[in-house]
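Here the structure is a predicted model, which is why all the values come from computation and not from measurement. A, B, ... follow the sequence lines: proteins, then strands. Residue 1 opens every chain.
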Number of protein chains: 2
Amino acid sequence: MATIYEVSKLAGVSLATVSRVMNNNANVSDATRKKVTAAMDELGYRPNSIAQSLASNCSNSVGLLVSELQGPFYGPMMSGIENTFRNQGKHLIIAAGHSDEEREKQGIEFLISRNCDGLILHVEAVSDDYLIKLSKGRTPFVLINRYISELSDRCILLNNIKGGYLAAKHVLEQGHKNIAYISGPLWKQDAKDRLEGHKQALAEFDLEFDENLLFQGDFMEASGYEGLKALHQQTHPFTALICANDEMAVGAMASARDLGLTLPKQLSIMGYDNVFFTRHVYPQLSTVNYPIDEMGRMAADWVLNHVYQKQTPPLQTLFEPELIVRHSISRQSAQITSQG
Amino acid sequence: MATIYEVSKLAGVSLATVSRVMNNNANVSDATRKKVTAAMDELGYRPNSIAQSLASNCSNSVGLLVSELQGPFYGPMMSGIENTFRNQGKHLIIAAGHSDEEREKQGIEFLISRNCDGLILHVEAVSDDYLIKLSKGRTPFVLINRYISELSDRCILLNNIKGGYLAAKHVLEQGHKNIAYISGPLWKQDAKDRLEGHKQALAEFDLEFDENLLFQGDFMEASGYEGLKALHQQTHPFTALICANDEMAVGAMASARDLGLTLPKQLSIMGYDNVFFTRHVYPQLSTVNYPIDEMGRMAADWVLNHVYQKQTPPLQTLFEPELIVRHSISRQSAQITSQG
DNA sequence: AGAAAAATTGTAAGCGCTTACAGTTGAGCC
DNA sequence: GGCTCAACTGTAAGCGCTTACAATTTTTCT
């Protein structure tokens with residue numbers, strides 16, 4: 001691989017000049033610029049970005065930590081981020097944290113040790129304190145889907161309370177009065193918020209939340225399956241089930257079929273996230289849109305703005321969910337399920 | 001950030017010694033080793049991996065180029081790869097090629113310029129010649145889902161002929177005789193192979209392939225939708241439809257519903273890839289398993305073996321597909337659709 | 001024309017680490 | 001005690017690039 005030295009030799013200029021034309025910033029005369037680029041072409045020169053990073057203390061790469069590389073949720077996020085950066089000549093180093101504290105920390109340290117100029121973190125297991133401490137360090141970062149009041153300007157969030165509200169309101173408007181709920185792990189803020197919004201909608205309809213109709217899941221499909229099974233065994237009746245995400249909703253749908261329930265006639269099911277496969281399940285799942293791709297792009301913009309001092313569209317940290325009505329909620333004109 | 005120099009000062013040893021304990025290879029006495037690690041801890045020292053890369057000409061990172069960061073197919077692949085590497089202290093730099101020749105090349109060059117020690121490429125648009133030339137370069141790479149005879153030892157492939165064969169055979173065994181086929185773009189080897197296997201099975205059953213029942217799609221959902229629509233309009237009857245991947249199958253399912261066909265009674269549909277959402281569509285899609293996660297792990301092992309001289313399980317380049325029977329194929333005892 | 005200012009180019013000192021090679025130390029042996 | 005040899009540690013030269021600063025050339029102005 002040709003180095004800057006060989007280029008400078010061939011072009012008959014100094015190292016510094018070659019470096020200057022590469023970074024086309026300083027004033028270099030057109031004549032020398034031409035000589036140098038010609039030499040570069042001739043040698044097929046490619047700058048060694050590692051050396052550039054070391055010398056300039058800027059790696060032009062940003063680190064992204066996600067929980068999982070797979071799954072319908074992270075794909076669009078990564079894709080949105082990658083797209084934004086590619087257009088700016090910045091690059092992505094990706095690590096996975098697997099929702100495990102140790103691995104999340106490892107991931108972050110790796111990304112920092114690789115001289116990432118900035119970080120985009122989607123972390124769940126690591127503590128607020130850790131992140132606050134991290135924010136004092138030299139590597140700027142932005143958080144997706146996590147709120148820490150001390151770091152509020154760098155938290156990109158969905159209004160989950162509103163989302164929970166929207167979902168419940170829709171179901172209520174279809175006439176359902178007894179609504180079961182499968183939540184996420186309630187130590188997670190988003191799970192808590194979604195449930196809170198749910199309760200708000202209930203209150204608005206003068207309905208009380210029935211704790212017996214709550215099952216705490218873990219956002220994974222299996223817990224949706226188990227959740228509905230458990231809810232079905234207790235005695236309080238319900239005509240609709242709202243799940244705190246689509247994966248659990250799909251699990252619940254499978255469960256419903258195993259229990260012999262016709263969907264959506266005997267049980268209405270509502271999801272959350274609007275993951276792409278919700279259109280393909282049967283019946284098509286009504287859900288709440290989580291604009292994760294946009295939020296990813298916004299996180300990328302944040303980095304562009306704060307780390308690389310680029311002009312970006314105005315930054316926005318709070319995103320609004322949107323109700324997606326499909327065919328999994330039936331109209332409920334009257335109470336049809338008998339008590340207990 | 002503390003540097004090796006400060007560590008050496010604090011520990012009262014030379015730079016070289018610190019470096020030695022970091023790479024714990026050379027013989028360092030226990031006493032000095034202890035001094036050094038103590039100093040590192042005290043300073044919270046983290047090696048700067050950029051500097052390490054530059055000095056050692058080894059970045060401990062491998063580049064991965066995929067077509068898309070999203071979609072059900074690449075997620076499991078990336079995940080398999082990331083897992084393998086994480087356990088070995090190697091790291092992943094990911095770029096997306098978007099099936100576009102220019103962008104694929106850009107991606108590859110970026111990964112190389114970042115001093116990746118090795119590359120895992122899932123490329124479609126770039127030419128064989130380009131890759132052959134690339135193979136003469138200094139950065140070793142392995143190809144997933146692409147066969148180039150000159151590079152055969154580094155091509156990790158699915159036996160797509162067999163996969164096409166298995167799919168067709170299953171449908172034939174259920175009694176179907178008139179089978180439509182929505183292929184991928186036939187300039188792609190995998191699309192061609194799947195179709196070839198399909199024809200082999202047909203031949204085995206003494207049936208001829210009817211060109212009128214072939215629609216060439218592009219592996220995307222929309223083309224499955226359009227494909228079935230087009231096939232439905234022509235006059236040759238068919239009772240089953242085999243799609244060259246699951247996305248198109250799902251598109252076809254939507255199309256079938258719009259055409260008022262009951263699934264699977266009036267039309268059996270078969271997919272390919274066994275993408276995770278195939279279990280969730282209705283009826284659950286019978287398909288052919290593509291062990292993409294395993295293949296990803298194998299690619300990672302290839303790199304570990306060839307680039308880092310690590311011991312790995314024996315390398316395997318050809319993977320076998322497997323039939324997954326679910327509920328989208330109906331049993332066809334006799335010909336029920338009338339001719340033309 | 002000659003001096004000062006502006007534009008261009010070169011010199012050389014790093015960035016934080018690895019590693020060949022040289023130097024030091026102490027044990028083992030006659 | 002003096003020698004050899006192994007074990008350990010230090011010295012210093014890079015890796016390929018950036019960037020103050022100095023040096024040189026060109027332009028501008030009186």
Side-chain angles (χ1 to χ4, degrees), chain A residues 1-37 39-40 43-61 89 109-110 112-117 138-139 308, chain B residues 1-37 39-40 43-61 89 109-110 112-117 138-139 308:
Chain A
M1 212 59 185
T3 73
I4 199 178
Y5 175 75
E6 303 170 44
V7 174
S8 76
K9 277 276 275 287
L10 208 170
V13 298
S14 72
L15 295 183
T17 303
V18 177
S19 177
R20 283 189 193 103
V21 346
M22 275 172 45
N23 303 294
N24 57 268
N25 47 348
N27 11 17
V28 180
S29 73
D30 276 6
T32 37
R33 183 181 302 278
K34 234 162 251 167
K35 274 194 299 187
V36 172
T37 48
M40 292 210 236
L43 294 170
Y45 172 77
R46 300 268 135 221
N48 177 329
S49 58
I50 294 285
Q52 287 179 316
S53 299
L54 185 61
S56 68
N57 200 30
C58 167
S59 62
N60 280 316
S61 62
E109 296 216 330
F110 163 68
I112 290 178
S113 83
R114 284 224 70 85
N115 277 19
C116 287
D117 301 326
R138 71 184 158 98
T139 310
Y308 298 112
Chain B
M1 212 59 185
T3 73
I4 199 179
Y5 175 75
E6 302 169 43
V7 174
S8 75
K9 276 278 271 290
L10 208 171
V13 297
S14 72
L15 297 183
T17 303
V18 177
S19 177
R20 284 191 192 101
V21 348
M22 276 172 44
N23 304 295
N24 56 270
N25 47 348
N27 11 18
V28 180
S29 73
D30 276 5
T32 36
R33 182 181 303 279
K34 234 162 251 167
K35 276 194 299 186
V36 172
T37 48
M40 292 212 246
L43 294 170
Y45 172 76
R46 300 266 135 223
N48 177 328
S49 59
I50 294 285
Q52 288 179 314
S53 299
L54 185 61
S56 67
N57 200 28
C58 166
S59 63
N60 279 317
S61 62
E109 295 216 330
F110 163 67
I112 290 178
S113 82
R114 285 223 70 84
N115 276 19
C116 286
D117 300 327
R138 72 184 157 98
T139 309
Y308 298 112

Checklist entry - Just how large is the angle between the end axes of the helix from C/dA1-D/dT30 to C/dC30-D/dG1, five pairs per end, to 10 degrees? => result 40°
Item to check | A/Ser49 side-chain N/O to B/Ser113 backbone N/O, donor-acceptor pair under 3.5 Å | outcome: yes
Checklist entry - B/Gln52 versus B/Asn60: any side-chain heavy-atom pair under 4.5 Å? => result no
Checklist entry - With a 4.0 Å cut-off on heavy atoms, is B/Asn57 in touch with a base, just the backbone sugar-phosphate, or nothing at all? => result nothing
Checklist entry - Once you round it to whole Å, what is the distance between P of C/dC17 and CG of B/Asn115? => result 17 Å
Checklist entry - So, does B/Ser19 use its side chain to make a donor-acceptor pair with the main chain of B/Leu15 at under 3.5 Å? => result no
Next on the checklist: Base, sugar-phosphate or nothing for B/Ser19? Non-hydrogen atoms, less than 4.0 Å.
Outcome noted: base
Item to check | Of B/Ala51 and A/Asn23, the one whose closest DNA chain D nucleotide lies more 5' | outcome: B/Ala51
Checklist entry - C/dC15 P sits how many Å from B/Glu6 CD, rounded? => result 11 Å
Checklist outcome for this item: Whole-Å distance, A/Leu54 CG to D/dT18 C1', equals 10 Å
Next on the checklist: Measuring to OP1 and OP2 of C/dG16, would you say a side-chain N or O of B/Gln52 lies under 4.0 angstrom away?
Outcome noted: no
Checklist entry - B/Arg138 has an atom CZ; how far is it from atom C1' of D/dC15, in whole Å? => result 12 Å
Next on the checklist: Using whole Å, what does the distance between atom P of nucleotide C/dG16 and atom CE of B/Met40 come to?
Outcome noted: 17 Å
Item to check | Separation of B/Ser14 OG from B/Ile4 CD1 (nearest 0.5 Å) | outcome: 8.5 Å
Checklist entry - How about B/Ser53 and A/Arg114: do any of their side-chain heavy atoms sit closer than 4.5 Å? => result yes
Item to check | Rounded distance in Å - NZ (B/Lys9) to P (D/dG10) | outcome: 14 Å
Next on the checklist: To the nearest 0.5 Å, what is the distance between CG on A/Leu43 and CG on A/Leu10?
Outcome noted: 5.0 Å
Checklist entry - What's the spacing between A/Asn48 CG and B/Asn57 CG if we round to 0.5 Å? => result 8.0 Å
Next on the checklist: How many whole angstroms separate atom NZ of B/Lys34 from atom P of D/dC8?
Outcome noted: 14 Å
Checklist entry - To the nearest 0.5 Å, what is the distance between CZ (B/Arg138) and CG (B/Asp117)? => result 9.5 Å
Checklist entry - Roughly how many Å is it from CG in B/Asn48 to C1' in C/dT18, rounded to a whole number? => result 13 Å
Checklist entry - Is A/Tyr45 near enough to D/dC17 that one of its side-chain N or O atoms lies under 4.0 angstrom from OP1 or OP2? => result yes
Heteroatom pairs (N/O) under 3.5 angstrom, protein to nucleotides 6-12 of chain C:
from: C/dT9; atom 1: OP1; to: A/Ser29; atom 2: OG; distance (Å): 2.9
from: C/dT9; atom 1: OP1; to: A/Thr32; atom 2: OG1; distance (Å): 2.9
from: C/dT9; atom 1: OP2; to: A/Ser29; atom 2: N; distance (Å): 3.0
from: C/dT9; atom 1: OP2; to: A/Thr32; atom 2: OG1; distance (Å): 2.9
from: C/dG10; atom 1: OP2; to: A/Ser14; atom 2: N; distance (Å): 2.8
from: C/dG10; atom 1: OP2; to: A/Ser14; atom 2: OG; distance (Å): 3.2
from: C/dG10; atom 1: OP2; to: A/Thr17; atom 2: OG1; distance (Å): 2.8
from: C/dG10; atom 1: N7; to: A/Arg20; atom 2: NH1; distance (Å): 3.4
from: C/dG10; atom 1: O6; to: A/Arg20; atom 2: NH2; distance (Å): 2.3

Checklist entry - Distance-only, no hydrogens or angles: does the A/Ser59 side chain make a donor-acceptor pair with backbone N or O of A/Asn115 under 3.5 Å? => result yes
